[in-house]
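Report on the following structure.
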Amino acid sequence: MTGPDGPRRASGSDGGDFRPAGGGSDLAREEEERAVEQALALVGGTTLRPGRGRDIPGTPGTTGTPRASGASGGDLSSGPSGSPGNDRRGSSGPTGNGPDQSASTDSASTDSAPVGGSPGGNGPSAGGPSGGARATAQASGSDQRPRPGRSSSEAPAPNAEPATPKAPPLAWDRARAVATRAGRTGPPATIRLPLDRALGHVLAEPLGALTDLPSFDTSAMDGWAVAGPGPWAYEAGAGLLAGRGPDTPLPDGTAVRIATGARVPPDTTAVIRSEHAHPDEAKGLLHARRSVVTGQDIRPRGQECRSGEQLVPAGTVVTPAVLGLAAAAGYDALPAVPRPRVDILVLGDELLAAGLPHDGLIRDALGPMLGPWLRALGAEVAGPVRLGDDAGALRDALASSDADLIVTTGGTASGPVDHVHPVLDALGAELLVDGVAVRPGHPMLLARLPAPGQMKGQAEGSYLVGLPGNPLAAVSGLLTLAEPLLAGVAGRPAQDAYRALVHAEVHGHPHDTRLVPVVHRAGRAGGRDHVAPLRYNGPAMLRGIAAADGLAVVPPGGVRSGTEVEILDLPWAPATPWTEGCFT
C-alpha cells in the first residue's frame with residue numbers, strides 16, 4: 001500500500017504491527033490505523049475487492065489491493081509491481097507462494113485475497129500455502145470469484161461478504177441437549193380429551209383426586225359385617241350388596257351378610273370372611289372360626305387418596321392404568337398435550353417404493369420405518385411424501401407444511417443433489433445443529449423454520465430434523481435429535497439415562513461417539529445383567545437394529561468388555577427372542 005509517506009509494511013508474526021517506512025505525520029498515523037483495520041479484516045475473512053482504478057474507501061492515494069499474510073504471518077507488502085515479496089498487484093504472470101495461486105489476466109485489477117479466512121486464528125491462515133485455494137479473476141476483469149464448493153454460476157456478487165466457515169460438528173451429548181431445549185422453548189398447549197380419546201397422550205396438568213378413594217368404608221371381602229363381640233345374631237337374607245344397602249348403624253351383637261365392595265354399615269367392628277365364619281342356622285347365631293380384629297377386611301374411606309391429593313404428575317403418559325385411575329377418581333375428560341404433528345419428506349431419485357432393487361435403484365427403507373417409529377414416540381404422523389432430488393419441491397413442501405416437526409431423509413451432506421442446506425438458507429431457517437460428532441449419522445441437522453409470513457428472527461415456526469440417508473445413520477439422528485425434541489414438544493419427561501455392562505470389546509471412532517445396537521441379556525449363575533453388541537451395525541444396515549432393544553453410547557476410542565456404557569432404549573422391545581449366534 002503506497003501513501004504520501006512512502007510504502008507501508010506489515011510485520012510477519014508479531015501481531016500485524018504496521019510501521020511507516022518514512023516520516024511520522026498525522027496523515028501517516030491515520031493511514032497506519034486504516035491499514036491495521038484492513039489487515040484485521042483480511043485475517044478475519046473479509047475480502048476487500050476494489051475494482052479497476054478504484055481506491056480503497058477512506059484511504060487516500062491507494063489504487064492497489066491489500067493481500068493477506070502467508071501461513072507464517074508474512075507481510076502485507078505493497079511494493080511496486082514485480083518487486084520482491086508477495087505483492088500481487090499489477091502482476092501479469094504467476095506469482096505468490098503456492099502452486100494454487102494464479103494471477104489475473106487483468107494486470108490492473110489482480111486480487112488474490114483469499115475468501116473465507118478463519119477468524120481468530122482457529123483455522124488456516126488467510127494466506128500462504130495453508131490459506132486455501134485461490135481463484136483467479138475472470139478474463140474480463142470481473143472481480144467475482146467462486147467460493148470453494150460452489151459453481152461459478154453461483155459466485156457471489158462483487159464486494160459480497162464471504163460465507164461463514166462451517167462450525168465443527170457438535171459433540172453428541174451437546175446436540176441432544178440442544179434438541180431437548182428446543183422442544184421446551186414454551187409451555188405446551190392444553191386440550192381436554194374424553195377418556196376414550198386420551199390414551200397415549202401426555203397429561204398437561206397434574207391429576208388430582210376429585211374425591212376420597214374409596215369415598216366410603218367398603219367391604220374388602222365377601223362375608224359378614226359384625227358389631228361388637230360374638231356370637232352375633234343374624235337374619236336370613238341376601239344381606240348388603242355393592243351399590244345398595246341402608247346407611248343405618250349396625251346394632252351391637254348383630255351381623256349381616258355383606259358382598260365385596262358393599263358399603264359397610266356405621267358402627268361395624270369388622271368383616272369376617274365367609275370361610276372364617278360358621279352360621280348356626282338353627283339358633284340364628286354366627287360364630288367366628290378365628291379371632292376377630294377390629295377393622296379387619298374393611299377398606300376405609302380415603303385409604304387410597306384424599307380429595308385434592310395428586311394422583312399422577314404432569315408429563316405422565318396416559319396408559320390404560322391411568323385411564324382407570326382417572327375414571328375411579330371421577331374424571332370424564334383429561335387435560336392433555338396435543339400430539340406433535342410430524343411430516344415426513346423422503347428425498348432421493350434412487351429410491352423405489354416397491355419391488356426388488358435393480359439398475360442402481362434401491363428400496364426406500366426409511367419411508368415405511370419412520371412413521372411407526374415416530375408414532376411410538378407419541379407423534380401424530382402423516383404418510384411419507386416422496387420428493388426425489390428436487391430443490392423446488394422441497395422448498396414448497398417446507399413452506400406449506402403446518403406440522404410441528406418436519407423430518408427429511410437424505411440430502412444433508414454437500415453433494416451435487418443435496419439440497420437441504422441451500423433450501424433452508426433460502427427460507428431463512430436457523431440452524432441449531434449442523435453436524436454431530438457421532439457415527440453413524442454425523443451429517444444430521446436440526447433447524448428452526450420461520451413462521452409463515454415471518455422473517456428470520458421474528459416468530460418461531462416449526463422444526464426440521466434432517467436425517468442422513470443411510471438407514472442406521474437415520475436411526476442415530478432419530479434418537480439424537482428427533483426423540484428429545486418430540487419429548488419436549490409433547491410435554492414428556494426426558495428419557496432417564498442409565499448405564500449397563502457390555503460383554504464384549506466395542507471398537508470406537510478415534511474422535512466421535514458411536515451408537516451401537518445392543519440387546520439386553522440376563523446374568524447367568526448370579527452374574528449381572530448386561531448388554532451384548534450386535535454385529536450388523538454399519539451405517540446402511542438395519543439387521544442389527546431390528547434385533548436390538550437399545551443402543552450403546554460408545555465414547556471415542558471404544559470400550560473394553562466389562563465396562564459400563566450409557567444405553568438409549570428403543571420405544572419397543574423385539575417380539576422375537578433372537579439368538580446370540582445370529583447377531584453377536
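Atom set for the values below is all heavy atoms of this structure, side chains included, hydrogens, waters and symmetry mates excluded.
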Output yes when a side-chain donor or acceptor of Arg439 lies under 3.5 Å from a complementary backbone atom of Asp512, and no otherwise.
-> no
In short, Ile406 meets Ser462 closest at the heavy-atom pair CD1-OG, 4.2 Å
Value for CG (Leu193) from CG (Leu203), rounded to nearest 0.5 Å, stands at 10.0 Å
Mind checking whether Tyr536 and Leu472 have side chains closer than 4.5 Å, heavy atoms only?
-> no
Spacing of CG belonging to Asp529 relative to NE2 belonging to His503, to within rounding of 0.5 Å | 9.5 Å
Give a yes or no on whether the backbone of Val202 and the side-chain of Arg492 come within a donor-acceptor separation of less than 3.5 Å.
-> no
On a heavy-atom basis, the closest approach of Pro468 and Pro443 is CG-CD, 3.9 Å
Would you check if the side chain of Tyr463 reaches a backbone N or O of Leu485 as a donor-acceptor pair within less than 3.5 Å?
-> no
Hey, does Leu398 have a side-chain heavy atom less than 4.5 Å from the side chain of Leu424?
-> yes
Hey, does the side chain of Asp549 reach the backbone of His520 with a donor-acceptor pair shorter than 3.5 angstrom?
-> yes
Flag side-chain contact, heavy atom, 4.5 Å: Leu347 against Val420 | yes
Check: Gly550 main-chain N/O paired with Asp569 side-chain donor or acceptor under 3.5 Å = no
Hey, is CZ on Arg363 packed in by over 12 heavy atoms from elsewhere, all under 6.0 Å?
-> yes
Evaluate the side-chain contact (heavy atoms from CB on, under 4.5 Å) criterion for residues Ile362 and Leu351: first the C-alpha distance (whole Å), next the side-chain angles of each, then the deciding distance (0.1 Å), finally the verdict.
-> CA-CA 5 Å; Ile362 60 173; Leu351 301 177; 3.8 Å; yes
So do the side chains of Val436 and Arg176 get within less than 4.5 Å of each other, counting heavy atoms only?
-> no
Test item: Ser401 side-chain N/O and Ala397 main-chain N/O as donor-acceptor pair under 3.5 Å = no
Please lay out, stage by stage, how Leu370 and Leu467 fare under the test side-chain contact (heavy atoms from CB on, under 4.5 Å).
-> CA-CA 11 Å; Leu370 290 181; Leu467 301 178; 4.0 Å; yes
Nearest heavy-atom contact between Ala204 and Ala189 is CB-O, 4.4 Å
Val506 and side-chain contact (heavy atoms from CB on, under 4.5 Å): which partner among Thr563, Val565, Val516, Asn537?
-> Val516
Under a 4.5 Å cut-off applied to non-hydrogen side-chain atoms, are Thr412 and Asp418 in contact?
-> no
Is there a side-chain contact between Pro471 and Leu366 (heavy atoms, below 4.5 Å)?
-> yes
Taking the side chain from Asp389 and the backbone from Asp349, do they hold a donor-acceptor pair closer than 3.5 Å?
-> yes
Would you give the length of the straight line joining atom NE2 of His419 to atom CG of Asp390, rounded to the nearest 0.5 angstrom?
-> 7.0 Å
What pair of heavy atoms forms the shortest contact from Ile344 to Gly371, and how long is it?
-> CD1-N, 3.6 Å
In Å, rounded to the nearest 0.5 Å, how long is the span from CZ of Arg535 to CZ of Arg543?
-> 7.0 Å
Between Leu481, Leu445, Leu405, which is the residue that forms a side-chain contact (heavy atoms from CB on, under 4.5 Å) with Leu464?
-> Leu445
How long is the span from the CG atom in Leu551 to the CD atom in Glu566, to the nearest 0.5 Å?
-> 11.0 Å
Might you point out which heavy atoms bring Pro556 and Pro510 nearest each other, and give the distance in Å?
-> CB-O, 3.7 Å
Check whether any side-chain heavy atom of Glu564 sits under 4.5 Å from a side-chain heavy atom of Leu501, and report yes or no.
-> yes
Evaluate the side-chain contact (heavy atoms from CB on, under 4.5 Å) criterion for residues Thr480 and Leu515: first the C-alpha distance (whole Å), next the side-chain angles of each, then the deciding distance (0.1 Å), finally the verdict.
-> CA-CA 10 Å; Thr480 302; Leu515 298 183; 3.9 Å; yes
Heavy-atom check, side chain of Leu432 versus side chain of Arg448, under 4.5 Å | yes
Rounded to the nearest 0.5 Å, how far does CD of Glu205 lie from OG1 of Thr316?
-> 12.5 Å
Shortest non-hydrogen contact from Leu478 toward Pro484 = O-CD, 4.4 Å
Check the angle between the aromatic planes of Trp373 and Trp572 and answer parallel, tilted or perpendicular using the 30° and 60° thresholds.
-> perpendicular
Can you list the steps and then say if His201 with Leu334 is a side-chain contact (heavy atoms from CB on, under 4.5 Å)?
-> CA-CA 10 Å; His201 285 77; Leu334 296 178; over 6 Å; no
